[in-house]
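Note that the structure is predicted; figures quoted are calculated from it, not measured. Counting starts at 1 for both ligands and their atoms, in listed order.
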Amino acid sequence: MTDMLLQVEALKNHLPLEEGLLKAVDGISFTIRRGETMGLVGESGCGKSMAVNTIMRLAPNFAQIEGDVTYFPARGAPINITKLDPFGPEIRAIRGGEIAMIFQEPMTSFSPLHTIGNQITEAIRIHRTDDKKQASKIAIDLLQRVGMSNPMQRMNEYPHQLSGGMRQRAMIAMALSCEPQLLIADEPTTALDVTVQAQVLQLMRDLQSEFGMSILYITHDLGVIARMVQVVAVMYLGRIVEFTDVDSLFYNAKHPYTEALIQSIPKIGKKSRARLESIRGAVPVPINRPRRH
Ligand SMILES: Nc1ncnc2c1ncn2[C@@H]1O[C@H](COP(=O)(O)OP(=O)(O)OP(=O)(O)O)[C@@H](O)[C@H]1O
Ligand SMILES: [Mg+2]
C-alpha cells in the first residue's frame, strides 16, 4: 500500500462567463499523504472552494476542467476522479464514504426537509451498515462526541431548529460518520465563536489520530494553520504560489501575499498602539489578471 492518498496534477477549472473566461483554478498540483494534514490558504476569491469542489466533482456543469485527480484507495487500483461520470455510482461511493467534505456554508450539506438524525443515519446506511438501529447508534454517539447537547433529541430536529454552531457540529458529525480516508474542511469553524472553534479543532485532531484520516483544511486563519497542519499551500489567483511545510511558511515566506498575511497577525509584545499591517489594494479578479503579481 502506498502512503499517497490524493494526487492533484495540473488541475484547471475555467468558467466561461459573459464577462470573459474566469480562470478560477489555473493549474494546481499537490499531493496528500495518508494521515497528513494539509492547509490551503489564500485571500477571498482566489479559488480555494472551487479547487476542492472540482476535486469532488461538484463544480458547476459549464466549467471547463482539465488535469488529473488520482485517489489511492486502501485496497484496489488508483482511481482518476476527473474521468468519472459526475453523477455515477463510483464518484458517489467516493464522496461521503472515502472523502468527506465539510462545506463553508453548513446549510449546503443538509436538506431542510429531513431531520438531522435521518440525514446522518442515511449517510451511515449508504456507506457503512444497513442495520438501522446500529446506524442510529453510531449517529447519536457522533453527535455526542462533537459536543451536541441532548443528542437523542437533536436527532429529531430539523436543520433550521439548530443554531449556526450546532449545525456546523452536526455537519462535522455527518462528515465523520463514514470514517473517511480524507476530510476536506472548507472554513469549517467560521460560524463558531472562538471557544467552540477550539473544541471543534481539538475534536478533529482527536478523530484524526483515532481513524488515521488525512485532512485538507481551508482557512484564512493562520493561527489555525499553525495548530492544525503540517504542510501548507498558498493560493493566489487560481494558482498555488507556495507549497511548503508549516514552519517554513512562518519563518521563510516567499510570496509577497504570504508575507503580508503573516505580517497581519497580531503579536504579543508589539506596541499596543502600533498599527497592524494590512494588504493594500483590491483583490484582483482572475478575468483581468494583472501582468505581474
Ligand atoms: N458558480 C460560480 N459561477 C461563476 N463564478 C464562480 C462560481 N463560484 C465561484 N466563482 C468565482 O470563482 C472564483 C473563485 O471562487 P472561490 O469560491 O473558489 O473562492 P475562495 O478562495 O473559496 O474564496 P473565500 O475565501 O471567500 O471562500 C471567484 O472569482 C468567484 O467569484
Ligand atoms: Mg471559499
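Among the atoms of C46, some N or O lies under 3.5 angstrom from an N or O of ligand 1. In terms of polar-atom proximity, defined here as any N/O pair under 3.5 Å, L17 makes no such contact with ligand 1. At least one N or O atom of G45 sits closer than 3.5 Å to an N or O atom of ligand 1.
Every atom of ligand 1 is numbered from 1 in the order shown, and the set under 4.0 Å from a heavy atom of L15 is 4 (C), 5 (N), 6 (C). When each atom of ligand 1 is checked for a heavy atom of A24 under 4.0 Å away, the hits are 12 (O).
Looking at L22 against ligand 1, only its side chain comes within 4.0 Å, counting heavy atoms. Contacts between E187 and ligand 1 below 4.0 angstrom, taking non-hydrogen atoms only, are absent altogether. Within the 4.0 Å heavy-atom criterion, the part of P60 lying near ligand 1 is the side chain and not the backbone.
Counting non-hydrogen atoms of other residues, nucleotides and ligands closer than 6.0 Å to NZ of K83 gives a total above 12.
Within the 4.0 Å heavy-atom shell around ligand 1 one finds H220.
Note on D130 versus R125: salt bridge recorded, some NZ/NE/NH1/NH2 to OD/OE distance being below 4.0 Å. Remark: R167 does not engage E157 in a salt bridge, criterion side-chain N to carboxylate O under 4.0 Å. Between K48 and E187, none of the side-chain N atoms (NZ, or NE/NH1/NH2) sits under 4.0 Å from a carboxylate O, so this pair counts as no salt bridge.
Taking 2.8 Å as the threshold, S49 counts as a candidate ligand of the Mg ion (ligand 2), since one of its N, O or S atoms lies below it.
L15 contributes atom CG, which lies 8.0 Å from atom CD of Q64 (distance to the nearest 0.5 angstrom).
A donor and an acceptor atom, one from each side chain of Q208 and R205, are nowhere located under 3.5 Å apart.
Residue T82 is tested with L84, N80, I79 for a side chain to side chain contact (heavy atoms under 4.5 Å, CB included); the sole match is N80.
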